[in-house]
Amino acid sequence: MMVSVLYFASLRELFGLENEQLVLPVPADVSALIAALRARGGAWSDALGTDRRWRVAVNQELATMDTKLNVGDEVAIFPPVTGG
Amino acid sequence: MMVSVLYFASLRELFGLENEQLVLPVPADVSALIAALRARGGAWSDALGTDRRWRVAVNQELATMDTKLNVGDEVAIFPPVTGG
Amino acid sequence: MTTIRIQNQDFDLGAELNAMRAGNAKIGAVASFVGLVRDVNDGAGVSTLTLEHYPAMTRKALGGIVDEACARWELIDVTVIHRVGELRPTDQIVLVMVASRHRGDAFQACEFVMDYLKTQAPFWKKESTPQGERWVEARESDELASSRWRVEQDS
Amino acid sequence: MTTIRIQNQDFDLGAELNAMRAGNAKIGAVASFVGLVRDVNDGAGVSTLTLEHYPAMTRKALGGIVDEACARWELIDVTVIHRVGELRPTDQIVLVMVASRHRGDAFQACEFVMDYLKTQAPFWKKESTPQGERWVEARESDELASSRWRVEQDS
């Protein structure tokens, strides 16, 4: 199952990546996606470790670790927001 | 002892008076002044009755019934404010 | 810094903000309130609103309210403008603008100044309606809004 | 009525207010908040501030926050403008303007929208300082400010 993954702000710079297509086994949720990314090691496991602060949105809405993912979903991973 | 008394808004219209000089026996406080005005009867006792709402300022600061009055004080009597 | 103006003429919210922020790059937050003349009040149409005040006391009262706000919160700048004379629906009546480093102080101080102004500054409104002229009655809700700041400080 | 704009260019607070009040003589109260770029943040000088956002989500997030405010309070009009791109100290970043009949609703809704925007709208600030560039860290105080609105609704 393919999903789009987008990175913003410091995570985008840290990973050197704006977006990618990722294939996940079905059924998948956000925690499965994060686990797959952490498995890359280096900056990935470091920035997405449980002790770091990051947020995830699925189809442009804030999501949690147990939010289910469907084929074609747009998943965004970013640091806590700082606008306003 | 002479004090100036000013009236504003609906009270000014009701009394048909903007301001006056009033002689009070010494010592005097706000309640003595109000009692003297009520003694005039008519609109005065009506508008300044205890069941009506009005405010008093002495030398441009909100005051209470027991605020002391001194010679030359400026006393203002007006309805509750409605600006803003 | 504090600016207090009582005036017949209108004011421009953007110009007041620009004057405030041009002077101080420490300002991170500006909360403003503008009160407007509504065309209906207590069920009656309003064609004009006339504002009377007690000039000798007005500036003193507003200055005292702003000083109290500056004592309670960390503020950088405060502007209060209140119009007097004859106004019409959609006209601006009052402006309270508060600048601070962070928004919590600005929001709270702005609401505090408005609540106290509503109960302690000597302004009175007279409405002209199809049924004639009438003095606006003070609202119980304004007394309550003002009193909650006393409770907060005592507790 | 709701206006939401994400833009590079500046905005004028007075013009936004005039547009709002011209349209509706039922408005008695307008509360506004403007966030500005400060020249110092966390002890370091700031020469420029660059705002990045997640376009597909930004409008959706802001729309959701404004809808929630309209559900909680009696509002007549809401305008939210957030700038993106490169800004300098004293520049305007964000505007939240809320119109209602009475001031309590306007003040509360304006602060609510700002608190939620600060924690839920996908904007990120990068500061350029003499020590180089750095991403601004989210503040714990913003999380707290946002969470108190949840508590209030539950209780």
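In what follows, chains are A, B, ... by sequence order, proteins preceding strands, each numbered from 1. The shown structure was predicted, so the numbers you read here are calculated from the model rather than taken from an experiment.
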If I measure from the heavy atoms of chain D, does [X] come under 4.5 Å with its side chain, its backbone, both, or neither?
X: C/L17; value: side chain
X: C/A99; value: neither
X: C/E16; value: neither

Max heavy-atom pair count under 4.5 Å with chain C, selected residue of [options]:
options: D/R101, D/M97, D/H102; value: D/H102
options: D/A25, D/A106, D/A15, D/A22; value: D/A25
options: D/P89, D/A29, D/A145; value: D/A29

At a 4.5 Å cut-off on heavy atoms, which part of D/R139 comes close to chain C: side chain, backbone, both, or neither?
side chain
Close approach to chain D in residues 32-40 of chain C, criterion heavy atom under 4.5 Å
C/S32, C/F33, C/V34, C/G35, C/L36, C/V37, C/R38, C/D39, C/V40
For chain D, which residues from residues 115-126 of chain C have at least one heavy atom closer than 4.5 Å to it?
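Only C/D115, C/K118 of residues 115-126 of chain C have a heavy atom under 4.5 Å from chain D.
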Using 4.0 Å as the upper bound for N to carboxylate O, is an ion pair formed by C/D67 and C/R72?
no
Salt bridge or not between D/D142 and C/R103? Use side-chain N to carboxylate O under 4.0 Å.
yes
Do C/R21 and C/N18 have side-chain atoms, one donor and one acceptor, less than 3.5 Å apart?
yes
One pair to check against side chain to side chain contact (heavy atoms under 4.5 Å, CB included): D/Q108 and D/W149. What are the steps and the verdict?
CA-CA 10 Å; D/Q108 288 209 66; D/W149 297 104; 3.7 Å; yes
Apply side chain to side chain contact (heavy atoms under 4.5 Å, CB included) to the pair C/V96 and C/E111, showing each step before the final yes or no.
CA-CA 9 Å; C/V96 174; C/E111 195 166 8; over 6 Å; no
Residues in residues 3-14 of chain D near chain C [non-hydrogen atoms, under 4.5 Å]
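So the qualifying residues are D/D10, D/D12, D/L13, D/G14.
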For chain C, which residues from residues 52-60 of chain D lie under 4.5 Å away (heavy-atom distances)?
none
Tell me the closest heavy-atom pair linking [X] and [Y], and the distance in Å.
X: D/T2; Y: D/D77; value: N-OD1, 4.1 Å
X: D/G45; Y: D/P130; value: O-CD, 3.3 Å
X: D/L49; Y: D/E127; value: CD1-CG, 3.5 Å
X: D/F107; Y: C/C110; value: CE2-SG, 3.8 Å

So C/R83 and C/V94, do their side chains get closer than 4.5 Å, heavy atoms only?
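Counting from C-beta outward, C/V94 and C/R83 never come under 4.5 Å.
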Does any non-hydrogen side-chain atom of D/L51 lie less than 4.5 Å from one of D/H82?
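Touching, per the 4.5 Å side-chain cut-off.
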Worked check of side chain to side chain contact (heavy atoms under 4.5 Å, CB included) between D/L75 and D/D105:
CA-CA 7 Å; D/L75 308 182; D/D105 288 326; 4.2 Å; yes
If only atom types and distance count, is the side chain of D/S146 paired as donor or acceptor with the main-chain N or O of D/E143 below 3.5 Å?
no
Once you round to the nearest 0.5 Å, how far does CD of C/E86 lie from CG of C/D91?
9.5 Å
To the nearest 0.5 Å, tell me how far C/E137 CD sits from C/N41 CG.
10.5 Å
C/M1 and C/V78: side chain to side chain contact (heavy atoms under 4.5 Å, CB included), yes or no, with the steps?
CA-CA 6 Å; C/M1 228 167 68; C/V78 180; over 6 Å; no
Heavy-atom pair count under 4.5 Å with chain D, highest-scoring of C/N24, C/V30, C/V46:
C/V30
